[in-house]
Peer 1: 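Submitted below is the structure of interest, expressed as structure tokens.
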Amino acid sequence: MAFMRTHSNASSGMGVAPDIRDTFLELQMKKAFRYVIFKIEEKQKQVVVEKTGATTESYDDFLASLPENDCRYALYDFDFVTGENVQKSKIFFIAWSPSTSRIRAKMLYSTSKDRIKQELDGFHYEIQATDPSEVDLEVLRERAH
């Protein structure tokens, strides 16, 4: 029987699944994914990868993957062209906590956020969003430039 080692967060008791760092590096270095969505598995007491989006998926596909009434963490690899016509890419960490989600979920995600961010060292920008307008594509464009 194999045991998975998780890294625990003292304040919430939530650990981080071992494959989270590897998945992040695949997005960051290999450009294997357009986005990654993470969720807290309360029974396992850890943050796990819920979904990865293929590089061909759009920002609308990413937004559709965020639940309307529950919290998630996400990474999005945003490609854009600068004013000097240079292709660039910036990775956004998004803490999705819609106002309609349960208070317990908001608390769990809030207290576990620093722990997952330690594993995802290397993203460029962070967005805390409670409403779809706060993760509009235009928000990413403004932050990236």
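Note: hydrogens, waters and symmetry copies are ignored here, and every other heavy atom, side chains too, is used.
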Peer 1: Please report the closest heavy-atom contact between Asp70 and Ser101, naming both atoms and the distance.
Peer 2: CA-CB, 3.9 Å

Peer 1: The criterion is side chain to side chain contact (heavy atoms under 4.5 Å, CB included); which residues satisfy it with Glu41, sequence neighbours excluded?
Peer 2: Lys39, Gln44, Val48

Peer 1: Within this structure, what is the NE2-CG distance for the pair His145 and Leu140, rounded to the nearest 0.5 Å?
Peer 2: 10.5 Å

Peer 1: Can you name the nearest heavy-atom pair linking Phe38 to Arg72, along with the distance?
Peer 2: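 Distance-wise, the nearest heavy atoms are O-CD, 3.2 Å.
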
Peer 1: Test side-chain contact (heavy atoms from CB on, under 4.5 Å) on Asp79 and Arg34 and set out the steps.
Peer 2: CA-CA 9 Å; Asp79 292 331; Arg34 173 65 55 207; 2.9 Å; yes

Peer 1: Looking just at side-chain N and O atoms, do Ser58 and Asp61 make a donor-acceptor pair shorter than 3.5 Å?
Peer 2: yes

Peer 1: What are the two closest heavy atoms between Met14 and Ile40, and how far apart are they?
Peer 2: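 Result for this residue pair: SD-CG2, 3.5 Å.
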
Peer 1: Would you compute the distance between atom CZ of Phe78 and atom CG of Leu137 and round it to the nearest 0.5 angstrom?
Peer 2: 5.0 Å

Peer 1: If you measure from CD on Gln128 to OG on Ser110, what distance do you get to the nearest 0.5 Å?
Peer 2: 7.5 Å

Peer 1: Rounded to the nearest 0.5 Å, what's the gap from CG on Asp77 to CZ on Phe92? Could you check?
Peer 2: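 The distance works out to 10.0 Å.
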
Peer 1: List the residues meeting side chain to side chain contact (heavy atoms under 4.5 Å, CB included) with Pro132, not counting sequence neighbours, and say none if there are none.
Peer 2: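 Result, side chain to side chain contact (heavy atoms under 4.5 Å, CB included) vs Pro132: Trp96.
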
Peer 1: Looking only at heavy atoms, what is the nearest atom pair of Ser97 and Cys71, with distance?
Peer 2: OG-SG, 3.5 Å

Peer 1: What class does the angle between the rings of Tyr76 and Phe62 fall in, given that below 30° is parallel, 30 to 60° is tilted and above 60° is perpendicular?
Peer 2: tilted

Peer 1: Please collect all side-chain hydrogen bond (donor to acceptor under 3.5 Å, both in side chains) contacts where either partner lies in residues 14-26, sequence neighbours excluded, each pair once.
Peer 2: none

Peer 1: Within this structure, what is the NZ-CG distance for the pair Lys113 and Leu120, rounded to the nearest 0.5 Å?
Peer 2: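 The CG atom of Leu120 is 12.5 Å from NZ of Lys113, to the nearest 0.5 Å.
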
Peer 1: Roughly how far, to the nearest 0.5 Å, is CD1 of Ile20 from CD of Gln118?
Peer 2: 12.5 Å

